[in-house]
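Here the structure comes first, spelled out in structure tokens, and everything after it is commentary.
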Amino acid sequence: MTASTKPEIVQTGPLMAYAADQLKARFTVHELWKAPDRAALLREVADRVRGVAAGGGHNRVDGALFDALPKVEVISSFGVGYDHVDAAEAGRRGLVVTNTPDVLTDEVADLALGLLIATVRQLPQVDRYLREGKWLQGNYPLTTSLRGRKVGIVGLGRIGKAVAQRIEAFGLPVVYHGRSRQADVAYRYYPSLVDMAADVDTLISVAPGGASTHHIINAEVLKALGPNGILVNVGRGTVVDEQALIKALKDKTILSAGLDVFEDEPRVPAELIAIEHAVLLPHVGSASVHTREAMGQLLVDNLVSWFDGKGPLSPVSETPWKKA
């Protein structure tokens, strides 16, 4: 395949070299995020570009970009969450959108459990205690425990189910809240998130972003969770009302929080950073070399499969594509 016959795509943000090099081998790639004048680049390639690789940075892929690239057929997005892509609008236009599910499920579920344990047992704080020489002055205060806790999962998708399996392995009961009851799931279902929060002392959110989940974990939910309550969020930051959470942590409405995601990444409120008993991570749920390479590979494979005439490998639910 010569350069002149390669399909042309726009890449909206950076990817690991592992995936970026494969894209450049198979496609003529226009790196939008590097362009000094993005509008000018889009005008230049508008009649030739047929695909979009929605890379890192979660730059918006929406109607404005579709208008600028009228020949686009497919958008291959990096990550299981795709709220940075207007998939509904793409679907209305007959465009295919893909994401990278499954390959990151175990990694994010592992981190969710690690973050839960780190929050419950205050592992970052204990580590600092030793490094600062305070052990010489006495033992670290006793912490709370996982023992006796009941866990409610918000969003029982692929990752949520993997989290639930791990929670069960720790000997803890699991319940869940989502848009609807899942017929093939034995865990108790709560149609009301407030009711579930009142019945558990640990919430783990794996819910996707978007308008339907915006701030569903709010002051009312946190109050219901109670003073022994712990919130862990590895889904999307927008699911949690961050200001309500800060207040709940300051007022001891809940006990603590472990967060891997935030409302306005990478900007984290100074008030939240100042809360010593919260555990905060910079959105690293899938951030291992192994998993990020697998995610990048699936992004590439979706584009290759599409342009080879085989259809998408992992189309999202809004995409108008039916498997043969």
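Just so you know, residue 1 is the first one in the sequence shown, and it goes up from there. What's counted below: heavy atoms across the whole structure, side chains too, no hydrogens, waters or symmetry copies.
Distance CG/Asp83 to CZ/Arg236: 4.5 Å, rounded to 0.5 Å. Note that CZ of Arg50 is 13.5 Å distant from CG of Asp47, once rounded to the nearest 0.5 Å. One distance of note links CG of Leu225 with CD1 of Ile217; it measures 9.0 Å at 0.5 Å rounding. Here CG of Leu42 is found 6.0 Å from CG of Leu65. Values are rounded to the nearest 0.5 Å. Atom CG in Leu203 sits 5.0 Å away from atom CE in Met196 (nearest 0.5 Å). One distance of note links NZ of Lys34 with CG of Leu41; it measures 12.5 Å at 0.5 Å rounding.
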Quiz item: Given Asp241 and His214, is the side-chain contact (heavy atoms from CB on, under 4.5 Å) satisfied, shown in steps?
Solution: CA-CA 8 Å; Asp241 182 338; His214 187 262; over 6 Å; no
Quiz prompt | side-chain contact (heavy atoms from CB on, under 4.5 Å) between His283 and Phe262, worked out | solution = CA-CA 8 Å; His283 202 154; Phe262 303 88; 6.0 Å; no
Practice problem: Carefully, step by step, assess Val52 and Val85 under the rule side-chain contact (heavy atoms from CB on, under 4.5 Å). | Solution: CA-CA 11 Å; Val52 172; Val85 179; over 6 Å; no
Quiz prompt | Test log, rule salt bridge (Lys or Arg N to Asp or Glu O under 4.0 Å), inputs Arg26 and Asp301 | solution = CA-CA 10 Å; Arg26 295 296 301 257; Asp301 290 347; over 6 Å; no
Quiz prompt | From CA spacing to verdict: side-chain contact (heavy atoms from CB on, under 4.5 Å), Thr119, Leu116 | solution = CA-CA 5 Å; Thr119 304; Leu116 173 62; 5.6 Å; no
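At least one side-chain heavy atom of Glu271 sits less than 4.5 Å from a side-chain heavy atom of Gln243. Side-chain atoms of Val316 and Thr319, non-hydrogen and from C-beta on, do get closer than 4.5 Å to each other. Counting heavy atoms from C-beta outward, Arg147 and Val120 have side chains that stay 4.5 Å or more apart. Looking at heavy atoms from C-beta onward, Leu272 lies in side-chain contact with Leu259 at the 4.5 angstrom threshold. The side-chain heavy atoms of Val284 and Leu111, taken from C-beta on, include a pair separated by under 4.5 Å. The side-chain heavy atoms of Ile159 and Leu104, taken from C-beta on, include a pair separated by under 4.5 Å. A heavy-atom distance below 4.5 Å is not found between the side chains of Arg292 and Tyr18. With a 4.5 Å cut-off on side-chain heavy atoms, Asn233 and Leu115 do not count as touching.
The closest donor-acceptor contact from the side chain of Thr12 to the backbone of Gly55 lies under 3.5 Å. Counting only distance, with no hydrogens or angles, the side chain of Gln182 and the backbone of Leu156 share a donor-acceptor pair below 3.5 Å. A donor-acceptor pair under 3.5 Å links the side-chain atoms of Ser305 to the main chain of Gly311, judged by distance alone. No side-chain donor-acceptor contact under 3.5 Å links Asn302 to the backbone of Ser76. With hydrogens and angles ignored, the 3.5 Å screen pairs no side-chain donor or acceptor of Asp308 with any backbone N or O of Lys310. A donor-acceptor contact shorter than 3.5 Å is absent between the side chain of Ser256 and the backbone of Ile230. A donor-acceptor distance shorter than 3.5 angstrom exists from the side chain of Lys6 to the backbone of Lys24, with no hydrogens or angles considered. A distance-only check finds no donor-acceptor pair linking the side chain of Glu318 to the backbone of Ala87 [under 3.5 Å]. The backbone N or O of Gly229 lies less than 3.5 Å from no partner atom in the side chain of Asp201, so there is not a single donor-acceptor pair. With hydrogens and angles disregarded, no donor-acceptor distance shorter than 3.5 Å links the side chain of Thr100 to the backbone of Leu299.
No more than 12 heavy atoms of other residues, nucleotides or ligands lie within 6.0 Å of CZ in Arg121, so this atom counts as exposed by the packing criterion. Heavy-atom neighbours of Ile273 CD1 from other residues, nucleotides or ligands within 6.0 Å: above the threshold of 12. Within a 6.0 Å radius of NZ in Lys247, no more than 12 heavy atoms belonging to other residues, nucleotides or ligands are found. Heavy-atom neighbours of His277 NE2 from other residues, nucleotides or ligands within 6.0 Å: above the threshold of 12. For Arg48, the CZ atom sits in a packed shell: over 12 heavy atoms of surrounding residues, nucleotides or ligands are nearer than 6.0 Å. For Trp33, the CH2 atom counts as densely surrounded, since its 6.0 Å shell holds more than 12 non-hydrogen atoms of other residues, nucleotides or ligands. A 6.0 Å sphere centred on CZ of Arg131 holds no more than 12 heavy atoms belonging to other residues, nucleotides or ligands.
Heavy atoms only, all atoms of each residue included: Glu107 and Ser288 are closest at OE1-OG, 2.6 Å. Taking both residues in full, the closest heavy atoms of Ala257 and Leu249 are given as N-CD2, 3.9 Å, listed atom of the first, atom of the second, then distance. Among all heavy-atom pairs drawn from Val163 and Ala112, the shortest one is CG2-CB, 4.0 Å. Shortest non-hydrogen contact noted between Gly51 and Val72 is N-CG2, 4.4 Å. When all heavy atoms of Ala46 and Pro70 are compared, the pair lying nearest together is O-CD, 3.7 Å. What you find for Leu303 and Ala53 is that their closest heavy atoms are CD1-CB, 4.1 Å.
At a threshold of 4.5 Å between side-chain heavy atoms, the hydrophobic network of Ile, Leu, Val, Met, Phe, Trp and Tyr places Phe170 and Val174 in one connected group. Tyr82 and Leu298 sit in two unconnected hydrophobic clusters of ILVMFWY residues. Membership requires side-chain heavy atoms under 4.5 Å apart, directly or through other members. Under the 4.5 Å side-chain heavy-atom criterion for grouping Ile, Leu, Val, Met, Phe, Trp and Tyr, Leu23 is connected to Val103 within one hydrophobic cluster. A continuous path of hydrophobic side-chain contacts links Ile9 to Val74 [ILVMFWY only; heavy atoms under 4.5 Å]. Val97 and Val300 fall into different hydrophobic clusters, where Ile, Leu, Val, Met, Phe, Trp and Tyr residues are linked whenever their side-chain heavy atoms come under 4.5 Å apart, directly or through other members.
Between Lys71 and Glu8 there is no salt bridge, since no side-chain N of the basic residue sits under 4.0 Å from a carboxylate O of the acidic one. The residues Lys223 and Glu220 are annotated as not salt-bridged, no charged nitrogen and carboxylate oxygen being separated by less than 4.0 angstrom.
The only member of Val234, Leu146, Ile167 that meets side chain to side chain contact (heavy atoms under 4.5 Å, CB included) when paired with Leu113 is Ile167.
Side-chain contact annotation: Gln122 with Thr143, donor-acceptor N/O pair under 3.5 Å absent. A donor atom on one side chain and an acceptor atom on the other are found under 3.5 Å apart for Gln297 and Gln22.
Less than 6.0 angstrom separates the ring centroid of Tyr176 from the ring centroid of Tyr189.
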